[in-house]
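So that we are looking at the same thing, I have put the structure below in structure tokens.
Nothing here was measured: the structure is a model prediction, and the numbers come from that model.
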Amino acid sequence: MSAEITSRPSRIGRAARLAGILAAAAFVALLAYGLAARSPDTTIDDALVRAQAVRAPEFNLDVLRAGRQPPRLRPVVERAAADGRVELRELRGAPVVLNFWASWCIPCRVEAPILERGWRAGRQEVLFVGLNIQDIREDAGEFLDEFDVSYLNVREGDKATARRYGVTGLPETFFISARGEVVFHVIGAITAAQLTEGTAAARAGQPAGSSQGGDRRPTR
């Protein structure tokens with residue numbers, strides 16, 4: 001009888017220790033998952049540092065504004081946006097300037113005229129695409145009207161696409177070659193000189209690294 005009484009606390013103690021170990025393991029796994037979810041994807045910048053182009057992450061997003069396209073690029077955009085959505089792969093064959101922005105982002109307002117001037121000056125050569133994230137559609141539309149933005153814009157309510165590109169703040173701009181590879185990246189509000197450098201890299205399809213731009217705001 002005494003041996004049976006003694007073994008019961010022993011079994012309870014082992015069960016408690018096992019439960020404690022399992023709880024600790026679950027906590028560590030949850031913590032690791034949380035850190036991984038918050039950590040930006042640096043794949044693109046890591047490749048550009050090594051002077052290597054990297055395949056641009058795909059997206060399939062709602063059209064916010066189709067814009068006013070020149071004759072050379074109009075068939076590409078009209079075909080891609082015919083169903084109200086645009087996939088990046090549908091734009092293959094044209095170099096792309098992909099700009100992540102939001103109406104609540106003050107630095108985005110600073111760079112908006114620079115992007116629009118760059119688009120109007122060289123739009124026979126390179127397709128500009130604005131990617132509006134974490135925004136209200138009406139606010140985004142008012143932003144486009146205020147700055148008379150005339151290039152293609154798509155939108156995403158969350159930041160899933162931004163996360164795949166490694167975007168941690170707004171604005172950020174990626175320059176994509178006609179083959180669909182990122183060749184240049186500007187972190188922060190872009191300058192006219194950086195826009196010229198990036199579009200040249202996109203046309204040539206040659207990696208040109210990444211560059212620090214002006215101010216930006218953290219994604220939400």
Pairwise side-chain contact, Arg117 with Arg120, heavy-atom cut-off 4.5 Å (strictly under):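 Not touching, per the 4.5 Å side-chain cut-off.
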Return the minimal non-hydrogen interatomic distance between Trp119 and Val126, and the atom names on each side.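 Residues Trp119 and Val126, closest heavy atoms: CZ3-O, 3.3 Å.
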Looking at side-chain heavy atoms only, is the closest gap between Leu152 and Phe128 below 4.5 Å?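 SC-SC contact between Leu152 and Phe128 ruled out.
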Tell me whether Leu91 is reachable from Val63 by hopping between hydrophobic residues (I, L, V, M, F, W, Y) whose side-chain heavy atoms are closer than 4.5 Å.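 Yes, one cluster joins them.
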Find out whether Thr219 and Gln134 are in side-chain contact, i.e. whether some heavy atom of one side chain is under 4.5 Å from a heavy atom of the other.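 SC-SC contact between Thr219 and Gln134 confirmed.
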When clusters are formed by joining ILVMFWY residues with side-chain heavy atoms under 4.5 Å apart, either directly or through shared neighbours, do Val54 and Phe184 land in the same one?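 Linked, Val54 and Phe184 end up in one cluster.
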Between Ile44 and Tyr165, is the side chain to side chain contact (heavy atoms under 4.5 Å, CB included) condition met? List the steps. CA-CA 7 Å; Ile44 291 175; Tyr165 275 81; 3.8 Å; yes
Mind listing the closest non-hydrogen atom pair of Asp135 and Ala140 along with its distance?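 Where Asp135 meets Ala140 most closely, the heavy atoms are OD2-CB, 3.9 Å.
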Under 4.5 Å between any side-chain heavy atoms of Ile114 and Thr191, yes or no?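 Heavy-atom side-chain distance check fails, nothing below 4.5 Å.
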What side-chain hydrogen bond (donor to acceptor under 3.5 Å, both in side chains) pairs are there with at least one residue in residues 196-212, not counting sequence neighbours?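 Sorted pair list: Gln194-Ser211.
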If you look at every heavy atom in Phe175 and Ala202, which pair is closest and at what distance?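 Between these two residues, the closest heavy atoms are CB-CB, 4.2 Å.
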Which pair of heavy atoms, one from Leu170 and one from Cys105, lies closest together, and at what distance?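 It is O-SG, 3.3 Å.
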Taking all atoms of both residues into account, what is the closest heavy-atom pair of Ala208 and Ala201, and its distance?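 Scanning both residues, the minimum pair turns out to be CB-CB, 3.9 Å.
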Minimum side-chain heavy-atom gap Glu116-Ser150 below 4.5 Å: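 In contact.
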Can you list everything that forms a side-chain contact (heavy atoms from CB on, under 4.5 Å) with Asp46? Sequence neighbours excluded, please.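 side-chain contact (heavy atoms from CB on, under 4.5 Å) list for Asp46, sorted by chain: Thr42, Arg50.
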With sequence neighbours excluded, tell me which residues meet side-chain contact (heavy atoms from CB on, under 4.5 Å) with Ala162.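 If we apply the side-chain contact (heavy atoms from CB on, under 4.5 Å) test to Ala162, skipping adjacent residues, the hits are Phe100, Ile133, Lys159, Val167.
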Which salt bridge (Lys or Arg N to Asp or Glu O under 4.0 Å) pairs, counting each pair once, include a residue from residues 99-109, with sequence neighbours left out?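 Output for this query lists Arg109-Glu146.
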How long is the span from the OG atom in Ser103 to the CG atom in Leu144, to the nearest 0.5 Å?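 That separation rounds to 9.0 Å.
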Could you give all pairs that pass the salt bridge (Lys or Arg N to Asp or Glu O under 4.0 Å) test and reach residues 210-220, with sequence neighbours left out?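 Sorted result for residues 210-220: Glu172-Arg216.
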Please name all residues satisfying side-chain contact (heavy atoms from CB on, under 4.5 Å) with Glu58, sequence neighbours left out, ordered by chain then number.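 By the side-chain contact (heavy atoms from CB on, under 4.5 Å) rule, Glu58 matches Leu88, Arg89, Arg92.
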For Ala112, which residues count as a side-chain contact (heavy atoms from CB on, under 4.5 Å) partner, sequence neighbours excluded?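 In terms of side-chain contact (heavy atoms from CB on, under 4.5 Å), with neighbours along the sequence ignored, Ala112 is linked to Phe143, Phe147.
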Can you sort out the partners of Asp45 under side chain to side chain donor-acceptor pair (under 3.5 Å), two or more places apart, ordered by chain and number?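 Applying side chain to side chain donor-acceptor pair (under 3.5 Å) to Asp45 gives His185.
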Is a donor on one side and an acceptor on the other found under 3.5 Å between the side chain of Tyr151 and the backbone of Arg68?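 It does not hold such a pair.
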Atom CG in Leu98, atom CG in Leu127: separation rounded to 0.5 Å?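 Those atoms lie 10.0 Å apart.
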Grab the two heavy atoms, one from Pro107 and one from Ala189, that are nearest each other, plus how far apart they are.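 Between these two residues, the closest heavy atoms are O-CB, 3.8 Å.
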From CA spacing to verdict: side chain to side chain contact (heavy atoms under 4.5 Å, CB included), Leu64, Val154: CA-CA 5 Å; Leu64 175 62; Val154 296; 5.7 Å; no
Would you say Asn60 and Val86 make side-chain contact, with heavy atoms under 4.5 Å?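 No, side chains not in contact.
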Begin with the C-alpha distance, continue with both residues' side-chain angles, and end with the deciding distance and a verdict on side chain to side chain contact (heavy atoms under 4.5 Å, CB included) for Asn99 and Leu131. CA-CA 6 Å; Asn99 174 253; Leu131 203 167; over 6 Å; no
Test side chain to side chain donor-acceptor pair (under 3.5 Å) applied to Asn153 - qualifying residues, sequence neighbours left out: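 So Asn153 forms a side chain to side chain donor-acceptor pair (under 3.5 Å) with Trp101.
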Show me, pair by pair, the donor-acceptor contacts under 3.5 angstrom made by side chains of residues 73-81, not counting sequence neighbours?
| unit_1 | atom_1 | unit_2 | atom_2 | d |
| --- | --- | --- | --- | --- |
| Arg74 | NE | Gln69 | O | 3.3 |
| Arg74 | NH2 | Gln69 | O | 2.8 |

Hydrophobic cluster membership, Ile187 vs Val183, 4.5 Å side-chain cutoff: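 Not linked; separate clusters.
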Tell me, do Pro207 and Gln52 make a side-chain contact under 4.5 Å, heavy atoms counted?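 Not in contact.
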Provide the full list of salt bridge (Lys or Arg N to Asp or Glu O under 4.0 Å) pairs with a residue in residues 175-196, sequence neighbours left out, each pair given once.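 Pairs touching residues 175-196 that pass the test: Arg179-Glu181.
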Apply side chain to side chain donor-acceptor pair (under 3.5 Å) to Asp62 and list each qualifying residue two or more places apart in sequence or on a separate chain.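 In terms of side chain to side chain donor-acceptor pair (under 3.5 Å), with neighbours along the sequence ignored, Asp62 is linked to Arg85.
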